[in-house]
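A short worksheet on the structure shown next.
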Amino acid sequence: PSVARDVSLLAGRRATFAEMRRAVLNLGAEHLRGVSLVDVYEGAGLPEGRRSVTLRVEYRSDERTLRDEEVDASHARVVEALEKNFGAQMRG
């Protein structure tokens with residue numbers, strides 16, 4: 001079975017989903033199978049020039065069920081790459 005993890009970020013308005021998706025997929029993180037866009041919000045309550053972006057990242061092994069620790073490690077790499085490449089900040 002696959003495991004989906006959502007990540008919500010504050011990112012600059014110029015960062016596109018396509019760029020973020022490409023950055024995540026190019027990591028080559030073990031068991032990473034896909035990235036999809038869940039939500040984008042621009043408006044009241046956000047800092048000037050920023051928007052909220054929520055991505056869903058899917059992890060799966062063809063041989064076995066993944067352990068939480070494995071997914072956590074891969075997902076941490078994904079979040080780190082998004083923060084580094086796009087100046088994004090995790091939302092609570």
Look at the side chain of Arg50 and the backbone N and O of Leu10, then say whether any donor-acceptor pair between them is shorter than 3.5 Å. yes
Going from CG on Asp62 to NE2 on His31, what distance comes out if it is rounded to the nearest 0.5 angstrom? 9.5 Å
More than 12 heavy atoms of other groups within 6.0 Å of Glu19 CD: yes
Between the main-chain N or O of Ser52 and the side-chain N or O of Arg91, is there a donor-acceptor pair closer than 3.5 Å? no
Which value, rounded to the nearest 0.5 Å, describes the distance between Asp39 atom CG and Asp6 atom CG? 10.0 Å
Say you draw a straight line from CZ of Arg5 to CZ of Arg56; how long is it, rounded to the nearest 0.5 Å? 12.5 Å
Name the residue from Met20, Arg21, Arg22 that meets the side chain to side chain contact (heavy atoms under 4.5 Å, CB included) definition with Val35. Arg21
Using the side-chain contact (heavy atoms from CB on, under 4.5 Å) rule, take Leu55 and Val38 through it: C-alpha gap first, then chi angles, then the decisive distance, then the call. CA-CA 5 Å; Leu55 305 176; Val38 175; 6.0 Å; no
Closest approach of Tyr59 to Glu30 (non-hydrogen atoms, all atoms of both residues): CD2-O, 4.4 Å
Working to the nearest 0.5 angstrom, can you tell me the gap between Leu37 CG and Thr54 OG1? 8.0 Å
Enter the distance from Thr65:OG1 to Glu70:CD here, rounded to the nearest 0.5 Å. 10.0 Å
Using side-chain heavy atoms (C-beta onward) and a distance below 4.5 Å, is Leu46 in contact with Arg13? no
Sequence-distant partners of Glu58, side chain to side chain donor-acceptor pair (under 3.5 Å), two or more places apart: Ser2, Arg60
Is the backbone of Leu66 close enough, under 3.5 Å, to the side chain of Ser61 for a donor and an acceptor to pair up by distance? no
Could you measure the distance from the CG atom of Leu32 to the CG atom of Asn26? Nearest 0.5 Å is fine. 10.5 Å
Connected via hydrophobic side-chain network under 4.5 Å: Tyr41 and Val7: no
Apply side-chain contact (heavy atoms from CB on, under 4.5 Å) to Val53 and Phe17, showing your working. CA-CA 8 Å; Val53 179; Phe17 166 67; 5.8 Å; no
What one should report as the nearest heavy-atom pair of Leu9 and Met90 is CD2-SD, 3.8 Å
Of all heavy-atom pairs linking Leu82 and Val24, the shortest is CD2-CG2, 3.8 Å
